[in-house]
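One structure is given here, and the rest of the page talks about it.
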Amino acid sequence: MNKIYKIGLFMFMIFLFLSACGAKQKEDTLMSLLEKQPEEEVLSEKPQLTTGQNVFVYICGEVVSPGVYEVAVESRIWDVLLAAGGFTEEAAAESINLAKKVEDGMQITVPSLSEEEERKQEAERKAAGLVNLNTASKEELCTIPGIGESRAEAILAYRNAQGGFSRVEEIMQVDGIKEGLYAKIQDKIYVE
């Protein structure tokens, strides 16, 4: 491991330790307050929001402790990630802009490596003009050479009746699409 990585990892572990100590202290303080007040009073009190000072952010996906975290207004996604215990081993860490400022009510979803890979492949297919037979709209199907409105409607009807396409070749079972047309469009379609 390089020296910068080791230093960063060491600093992260120190932060986690200090965060855990602070959480324990907050828990002890809360427990002592609860023990001093009758239960009815505790339940009737509403939490007081400190408007303008803190925001609430929901972080989920590939993080150690997903949940809602209260952080300072000027916090970054990095701060929320640290509060949530960091990334899991399966996290696609580079897909998240850790320097972005958080907003009240924001949701941060950390994708897994496999989810991020699927997203990239889908983006590449769309950029290449490929059409997913299982998710394409009528208009998207009409962008395929040789597929007009009636054939697009037939594809949609088949997809709805069969619950989707399991492989690209299955499109030849749609009325009006035979081997000749399939040969022309097979490199323009895919199934996922």
Side-chain angles (χ1 to χ4, degrees), residues 1 5 8-9 12 16 55-69 71 75-192:
M1 288 197 241
Y5 180 77
L9 185 60
F12 179 69
L16 285 178
V55 294
F56 292 87
V57 180
Y58 176 52
I59 187 165
C60 59
E62 295 297 325
V63 293
V64 174
S65 298
V68 176
Y69 291 89
V71 294
S75 296
R76 308 283 178 163
I77 290 178
W78 171 252
D79 300 313
V80 179
L81 176 67
L82 290 177
F87 293 119
T88 65
E89 289 181 16
E90 292 298 313
E94 66 282 346
S95 68
I96 302 293
N97 178 0
L98 298 175
K100 183 177 179 181
K101 286 187 177 181
V102 299
E103 300 171 6
D104 190 42
M106 180 181 204
Q107 177 176 333
I108 304 164
T109 304
V110 178
S112 67
L113 292 168
S114 60
E115 289 169 336
E116 184 63 11
E117 183 60 31
E118 288 174 24
R119 187 197 63 75
K120 285 179 182 177
Q121 288 176 357
E122 182 70 21
E124 288 171 4
R125 289 177 183 137
K126 284 191 178 195
L130 298 180
V131 177
N132 184 344
L133 294 177
N134 285 328
T135 61
S137 65
K138 179 180 171 182
E139 293 75 21
E140 290 171 321
L141 291 169
C142 287
T143 64
I144 303 169
I147 303 293
E149 282 191 37
S150 61
R151 285 186 177 150
E153 288 173 0
I155 292 169
L156 292 174
Y158 179 88
R159 181 173 80 193
N160 291 336
Q162 300 299 318
F165 293 87
S166 59
R167 55 188 214 289
V168 176
E169 297 81 15
E170 195 176 336
I171 197 168
M172 289 187 286
Q173 295 179 13
V174 174
D175 289 335
I177 301 177
K178 301 298 175 217
E179 288 181 25
L181 180 56
Y182 173 72
K184 292 178 185 177
I185 66 171
Q186 68 182 350
D187 60 342
K188 308 258 187 277
I189 57 177
Y190 71 100
V191 169
E192 215 174 52

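Bear in mind the structure is a predicted one, so any value in this text is a computation, not a measurement.
Nearest heavy-atom pair, Ser112 versus Ala92, reported as atom, atom and distance to 0.1 Å: O-CB, 3.7 Å. Residues Gln107 and Thr109 come closest through the heavy atom pair NE2-OG1, 3.0 Å. Closest heavy-atom contact between Val110 and Ala91: CG1-CB, 3.9 Å. Annotation for Asp187 and Leu130: closest pair O-CD2, 3.0 Å, computed over non-hydrogen atoms. Across Phe87 and Ala93, no two heavy atoms sit closer than the pair CE1-CB, 3.4 Å. Smallest separation of non-hydrogen atoms from Ile59 and Leu81: CD1-CA, 4.0 Å.
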Show your working on side-chain contact (heavy atoms from CB on, under 4.5 Å) between Arg159 and Asn134 and close with a plain yes or no. CA-CA 7 Å; Arg159 181 173 80 193; Asn134 285 328; 4.1 Å; yes
Starting from the C-alpha separation in whole Å, work towards a yes-or-no answer on side-chain contact (heavy atoms from CB on, under 4.5 Å) for Glu140 and Ser137. CA-CA 5 Å; Glu140 290 171 321; Ser137 65; 3.4 Å; yes
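For the atom pair CG (Leu141) and OG1 (Thr135), the distance works out to 9.0 Å, reported to the nearest 0.5 Å. Distance CG/Asn132 to CZ/Phe165: 10.0 Å, rounded to 0.5 Å. Remark: Ile108 CD1 to Ile96 CD1 distance equals 7.5 Å, nearest 0.5 Å. Considering CZ of Phe56 and CG of Asp104, their distance stands at 7.5 Å, rounded to 0.5 Å. Rounded to the nearest 0.5 Å, atoms CD1 (Ile77) and NZ (Lys101) are 12.5 Å apart. The CD1 atom of Ile171 sits 10.0 Å away from atom CZ of Arg151, with the distance rounded to the nearest 0.5 Å.
Checked by atom type and distance alone, the side chain of Glu116 never pairs as donor or acceptor with a backbone atom of Leu113 at under 3.5 Å. Remark: side-chain polar atoms of Asn160 are not paired, donor with acceptor, to backbone N or O of Ala157 under 3.5 angstrom.
Every salt bridge (charged side-chain N to carboxylate O under 4.0 Å, His left out) that Lys138 has, sequence neighbours left out, goes to Glu149, Glu153. Qualifying salt bridge (charged side-chain N to carboxylate O under 4.0 Å, His left out) partners for Glu169, counting only residues two or more places apart in sequence or in other chains: Arg167. For Ser65, the side chain to side chain donor-acceptor pair (under 3.5 Å) test picks out no residue, with sequence neighbours left out.
Judged as a side-chain hydrogen bond (donor to acceptor under 3.5 Å, both in side chains), the pairs with a partner in residues 82-99 (not counting sequence neighbours) are, in order, Glu62-Thr88. Judged as a salt bridge (charged side-chain N to carboxylate O under 4.0 Å, His left out), the pairs with a partner in residues 120-135 (not counting sequence neighbours) are, in order, Arg125-Glu192.
For the pair Arg119 and Pro111, the minimum side-chain heavy-atom distance is 4.5 Å or more. For the pair Val57 and Val71, the minimum side-chain heavy-atom distance is below 4.5 Å.
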Could you give the side-chain donor-acceptor pairs of residues 172-180 under 3.5 Å, partners two or more places apart or in another chain?
unit_1 : atom_1 : unit_2 : atom_2 : d
Gln173 : OE1    : Tyr158 : OH     : 2.8

